[in-house]
Amino acid sequence: MTDSFRSNCDPFKHQQPVEIPLSPECTEIIDRLERLYGVKVTVPADLFEVVFEHSQYLTIVEGQPAYENAANLAVALFEEEFGLYPLSLVKNTRLTRVVLCGELFRSQKPNPRAVKRNSSPTEWDLRPLHFTHESTGGLPDVVNGLLYLPIEVVEEDPEHIRKIIHHEFYHCVQWQQFGVSSDPEWEATNRSDFVYGPGGIAANYDSDSDFWTKPTEEWGNGFLNLYCMSAPEEDQAELFAHLITEPTRVETRLEVDEILGRKVERMKATLKQFCRDMDDRFWQRVRDSRFPFDL
């Protein structure tokens with residue numbers, strides 16, 4: 001999920017965090033990633049909290065430390081996935097730090113200063129969405145160039161972590177490409193009568209939303225899963241994550257899904273426009289990295 005927001009910046013910038021003890025191999029990986037991409041990888045050993053202001057809301061994010069074994073596994077897996085990206089792509093996202101943590105929780109409440117900051121109250125949600133300490137799958141701070149990734153299930157479900165990495169990273173790309181909104185031409189790839197849902201945050205955290213109980217007949221018609229239907233930006237991020245982690249399966253699906261084919265073409269075209277190294281050679285390298293597992 002992604003928002004446009006102001007935050008209290010990098011919580012680790014001025015005070016180096018106490019980090020989980022890592023194996024020498026993982027320490028080398030982190031050093032190598034920083035040298036190659038200029039991105040710090042932080043694995044904090046303590047709880048941390050970040051507060052974001054997003055128009056009428058305050059969002060509070062609490063990160064927990066990861067277990068040592070999970071941290072070592074996740075660092076190695078992160079290099080496998082992040083190492084697929086061209087240096088130019090990472091540079092263009094202006095990403096500066098990735099935080100690998102345990103569980104990540106999100107709370108949201110109305111911002112008491114919002115009236116003073118926003119001169120267009122008609123743009124606010126008429127029924128503000130309020131929730132407390134709900135688990136979240138990851139959070140990109142696109143303004144400050146940070147990416148928070150929970151890794152606690154890496155031992156049980158490493159493929160889930162792979163998808164989270166690419167989904168959340170794509171939100172960083174998306175922000176630099178299109179700003180607050182997603183690709184303005186993306187919705188035109190869908191059927192003319194299709195309307196996206198309430199957005200990723202509302203779909204996941206609004207207890208009054210009926211999004212997850214809606215019929216799923218649309219799944220085979222341009223969408224990889226129901227969450228793709230929540231918002232165009234989530235549709236894009238999910239497609240990107242699957243193109244990276246399961247390219248052969250997506251390509252097989254394209255044989256019977258013309259709408260999804262248009263989306264793939266659009267995504268690859270805009271990515272190449274954003275970063276010239278996101279070309280056919282990149283996608284071939286991704287396919288080669290998955291063979292023979294992605295069958």
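Residues take their numbers from the sequence shown, with the count starting at 1.
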**Q** Is E258 atom CD crowded by more than 12 heavy atoms from other residues, nucleotides or ligands, each under 6.0 Å away?
**A**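 Counting neighbours around CD of E258, 12 or fewer heavy atoms of other residues, nucleotides or ligands fall under 6.0 Å, so no.
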
**Q** Do D183 and Q177 have side-chain N/O donor and acceptor atoms under 3.5 Å apart?
**A**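 No donor-acceptor contact under 3.5 Å links the two side chains.
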
**Q** E28: what forms a salt bridge (Lys or Arg N to Asp or Glu O under 4.0 Å) with it, not counting sequence neighbours?
**A**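 In terms of salt bridge (Lys or Arg N to Asp or Glu O under 4.0 Å), with neighbours along the sequence ignored, E28 is linked to no residue.
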
**Q** Go through the structure and list residues passing salt bridge (Lys or Arg N to Asp or Glu O under 4.0 Å) with E251, not counting sequence neighbours.
**A**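 By the salt bridge (Lys or Arg N to Asp or Glu O under 4.0 Å) rule, E251 matches R287.
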
**Q** With no hydrogens and no angle check, do the side chains of N72 and E68 hold a donor and an acceptor under 3.5 Å apart?
**A**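 No, because no side-chain N or O of N72 sits under 3.5 Å from a partner of the opposite role on E68.
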
**Q** Are E62 and R106 close enough for a salt bridge, meaning some N to O gap below 4.0 Å?
**A**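 Result for this pair is no, no salt bridge flagged.
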
**Q** Residues in side chain to side chain contact (heavy atoms under 4.5 Å, CB included) with S209, at least two apart?
**A**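 Side chain to side chain contact (heavy atoms under 4.5 Å, CB included) list for S209, sorted by chain: P198, D206, F211.
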
**Q** Any chance the side chains of H171 and Q236 put a donor and an acceptor closer than 3.5 Å?
**A**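 No donor-acceptor contact under 3.5 Å links the two side chains.
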
**Q** Would you call K163 and E159 a salt bridge, taking side-chain N to carboxylate O under 4.0 Å as the test?
**A**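 No, this pair does not count.
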
**Q** Please indicate whether R276 has more than 12 foreign heavy atoms, meaning atoms of other residues, nucleotides or ligands, lying under 6.0 Å from its CZ.
**A**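 It does not: R276 CZ has 12 such atoms or fewer within range.
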
**Q** Can you list everything that forms a side chain to side chain donor-acceptor pair (under 3.5 Å) with Y196? Sequence neighbours excluded, please.
**A**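 Result, side chain to side chain donor-acceptor pair (under 3.5 Å) vs Y196: W186, N190, D235.
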
**Q** Give me each pair satisfying side chain to side chain donor-acceptor pair (under 3.5 Å) with a member in residues 149-158, each pair once, sequence neighbours excluded.
**A**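 Non-adjacent pairs meeting side chain to side chain donor-acceptor pair (under 3.5 Å): N69-E155.
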
**Q** Can you list everything that forms a side chain to side chain contact (heavy atoms under 4.5 Å, CB included) with L36? Sequence neighbours excluded, please.
**A**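 Listed in chain order: nothing, the list is empty.
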
**Q** Hey, could you give me each pair passing ring-ring contact (aromatic ring centres under 6.0 Å, His included) that has a residue in residues 65-88? Not counting sequence neighbours.
**A**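 For residues 65-88: Y37-F82, F78-F82, F82-Y85, F82-F169, Y85-H166, Y85-F169.
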
**Q** With sequence neighbours left out, what residues match Q176 under side chain to side chain contact (heavy atoms under 4.5 Å, CB included)?
**A**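 Checked Q176 against side chain to side chain contact (heavy atoms under 4.5 Å, CB included); matches are R94, F274.
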
**Q** Sequence neighbours left out, what pairs pass ring-ring contact (aromatic ring centres under 6.0 Å, His included) with at least one residue falling in residues 228-263?
**A**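 As it turns out, the ring-ring contact (aromatic ring centres under 6.0 Å, His included) pairs with a partner in residues 228-263, which skip direct neighbours, are Y170-F240.
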
**Q** Salt bridge or not between R290 and E246? Use side-chain N to carboxylate O under 4.0 Å.
**A**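 Looking at E246 together with R290, the answer is no, because their closest N to O distance does not fall below 4.0 Å.
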
**Q** E103: what forms a side chain to side chain donor-acceptor pair (under 3.5 Å) with it, not counting sequence neighbours?
**A**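 Residues passing side chain to side chain donor-acceptor pair (under 3.5 Å) with E103: none at all.
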
**Q** Keeping to residues at least two apart or across chains, list the ring-ring contact (aromatic ring centres under 6.0 Å, His included) pairs with something in residues 91-111.
**A**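 For residues 91-111: F105-H133.
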
**Q** Please enumerate all residues that pass side chain to side chain contact (heavy atoms under 4.5 Å, CB included) together with S88, with sequence neighbours excluded.
**A**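 Counting only residues at least two positions away or on another chain, S88 forms a side chain to side chain contact (heavy atoms under 4.5 Å, CB included) with P86, C275, D277.
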
